[in-house]
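Below is one structure, written out as structure tokens; comments come after it.
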2 protein chains.
Amino acid sequence: MTRGRPIAFSPDAATNAAMQVFWARGYESASTRDLLEAMNISRSSLYQAFGNKEQLFLETLRRYRGNLIGQLNRRLEASPSAMAFLEGLFGETAREAGSERAGLGCLIFNSASELGQRGDLAASEARRSVEAITGLFQEAVMRAQAEGDIAADRDSLALATYLTLGMAGLRTLLKSGADRAQVEAAAQLLLDTLR
Amino acid sequence: MTRGRPIAFSPDAATNAAMQVFWARGYESASTRDLLEAMNISRSSLYQAFGNKEQLFLETLRRYRGNLIGQLNRRLEASPSAMAFLEGLFGETAREAGSERAGLGCLIFNSASELGQRGDLAASEARRSVEAITGLFQEAVMRAQAEGDIAADRDSLALATYLTLGMAGLRTLLKSGADRAQVEAAAQLLLDTLR
DNA sequence: TGATTTATGGACTGATCGGTACTAAATTCC
DNA sequence: GGAATTTAGTACCGATCAGTCCATAAATCA
């Protein structure tokens with residue numbers, strides 16, 4: 001049996017709460033006070049359980065990545081076609097234009113933009129997360145090629161990088177409050193390239 | 001004649017120095033000490049000449065936008081064709097991959113990403129700057145249509161929004177340290193859509 | 001029950017934040 | 001040469017930053 005006073009909070013729920021804070025405010029602007037309040041734990045518990053702010057951030061970013069990639073993978077598998085999956089994903093994202101959700105962006109692209117040029121762990125974790133998105137897109141592209149929706153002789157990695165670029169750009173447009181109709185039209189143009 | 005002690009620094013040069021700081025570090029992470037050191041002026045001079053940190057940022061962002069749009073306009077005018085201008089612009093940007101310059105990104109897209117969802121002046125100035133980029137792209141698209149490189153019946157604003165999305169995504173890819181060959185291939189795919 | 005172990009609450013730390021206040025310096029006008 | 005005016009230097013302000021420390025609480029084990 002484990003000895004000592006038992007932990008009084010769910011590390012899982014606390015990590016999720018921290019994720020929301022980093023997502024909405026960014027890494028540097030998220031203060032430890034913001035985090036403590038959202039996680040509803042004491043300062044000593046945070047440092048005891050997570051080490052420090054950077055490690056907590058790494059934990060939340062890895063979880064976000066795991067959640068996102070897992071969810072997208074399931075959705076891809078459940079889709080009638082990989083092309084339908086991509087159309088659904090980009091279409092839905094574009095339709096967020098003007099909503100409160102649009103302002104949040106994606107934690108991965110937010111982090112890549114904020115931390116990209118730093119040489120630390122957080123930066124490389126952001127990089128890996130972007131690569132994970134490209135990896136998922138490549139799977140989708142290859143399946144779309146197998147299904148005959150994309151020509152088999154096209155470079156799947158180049159197309160996947162193009163889709164990552166597209167999603168990152170889409171997220172930036174949404175953050176800058178772009179008009180919904182224009183964003184939807186631009187997303188449509190993005191997907192037309194695949195055909 | 002103006003009375004009193006004359007200013008001992010060039011507001012122009014100081015603004016440029018501040019721009020570099022905001023560009024490299026972002027708005028929130030750029031401390032007034034960073035700014036003072038780069039601008040090589042005293043604290044009182046900063047507040048006397050620029051008001052406060054936010055106003056200084058607005059000044060630098062407006063200048064960056066003016067410089068960028070002006071330079072791109074001149075380059076567009078000097079280009080043999082609008083399509084060649086776009087190809088040159090996206091090609092050159094993609095070729096930055098891996099360089100130190102790539103980590104900096106673009107002050108406008110950096111600001112849109114960092115400040116997008118805030119409701120203040122800085123956020124709306126970032127928004128206007130993104131719109132200015134779209135405006136420039138629309139001019140290029142319309143000229144390319146007049147020159148027969150883009151079908152005249154296509155929606156120039158939608159294409160321009162698509163190009164803004166593309167440049168924003170390209171900048172994010174560069175920041176995340178993406179492989180140069182892949183970035184170049186993705187940029188090529190972006191431009192293929194126009195034809 | 002009492003020794004041991006772990007978690008919690010929160011006071012505290014030194015550093016840094018953006019911004020202000022006040023004095024000294026440098027100029028023009030009379 | 002003052003008087004007036006503007007800039008420059010810097011000490012200082014309260015607030016906040018990430019992180020530490022320590023007394024206390026809550027559990028297990030003997």
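Proteins get letters first, then strands, A, B, ... in listed order; numbering begins at 1 in each.
- As rounded to whole Å, 15 Å separates atom C1' of dA18(D) from atom CG of D120(A).
- The side-chain hydrogen bond (donor to acceptor under 3.5 Å, both in side chains) analysis of residues 67-86 of chain A, with sequence neighbours excluded, yields the pairs R75(A)-E92(A).
- In this structure, of dT5(C), dA4(D), dA8(D), it is dT5(C) that holds the atom nearest to the side chain of R3(A).
- Salt bridge annotation for R143(A)-E147(A): present, with a cationic side-chain nitrogen under 4.0 angstrom from a carboxylate oxygen.
- Per the geometry, CG belonging to L36(A) stands 11 Å off P belonging to dG19(D), to the nearest Å.
- Classification of R118(A) and E28(A) as a salt-bridged pair holds, one side-chain N sitting under 4.0 Å from a carboxylate O.
- Distance CG (L46(A)) to P (dG9(C)): 12 Å, rounded to an integer number of Å.
- Using a 4.0 Å cut-off between a side-chain N of Lys or Arg and a carboxylate O of Asp or Glu, E184(B) and R180(B) qualify as a salt bridge.
- Summarising the geometry, the separation between CD1 on I7(A) and C1' on dG9(C) is reported as 15 Å, rounded to the nearest angstrom.
- Under the 3.5 Å distance criterion, with hydrogens and angles disregarded, a donor-acceptor pair is assigned to the side chains of S42(B) and S45(B).
- When distances run from any side-chain atom of P6(A) to the nucleotides dT8(C), dA8(D), dA27(D), the shortest one goes to dA27(D).
- With sequence neighbours left out, F109(B) forms a ring-ring contact (aromatic ring centres under 6.0 Å, His included) with no residue at all.
- For the OP1/OP2 pair of dT8(C) and a distance below 4.0 Å, the side-chain nitrogens and oxygens of S42(A) include no atom meeting the criterion.
- For the pair F9(B) and R5(A), nearest-nucleotide mapping onto DNA chain D gives the more 5' position to F9(B).
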Distances for protein N or O near nucleotides 17-21 of chain C N or O, under 3.5 Å:
from: dC17(C); atom 1: OP1; to: S31(B); atom 2: OG; distance (Å): 3.3
from: dG18(C); atom 1: OP1; to: A30(B); atom 2: O; distance (Å): 3.3
from: dG18(C); atom 1: OP1; to: T32(B); atom 2: N; distance (Å): 3.4
from: dG18(C); atom 1: OP1; to: K53(B); atom 2: NZ; distance (Å): 2.9
from: dG18(C); atom 1: OP2; to: T32(B); atom 2: N; distance (Å): 2.6
from: dG18(C); atom 1: OP2; to: T32(B); atom 2: OG1; distance (Å): 2.7
from: dG19(C); atom 1: OP2; to: Y47(B); atom 2: OH; distance (Å): 3.1
from: dG19(C); atom 1: OP2; to: K53(B); atom 2: N; distance (Å): 3.1
from: dG19(C); atom 1: N7; to: R43(B); atom 2: NH1; distance (Å): 2.5
from: dG19(C); atom 1: O6; to: R43(B); atom 2: NE; distance (Å): 3.4

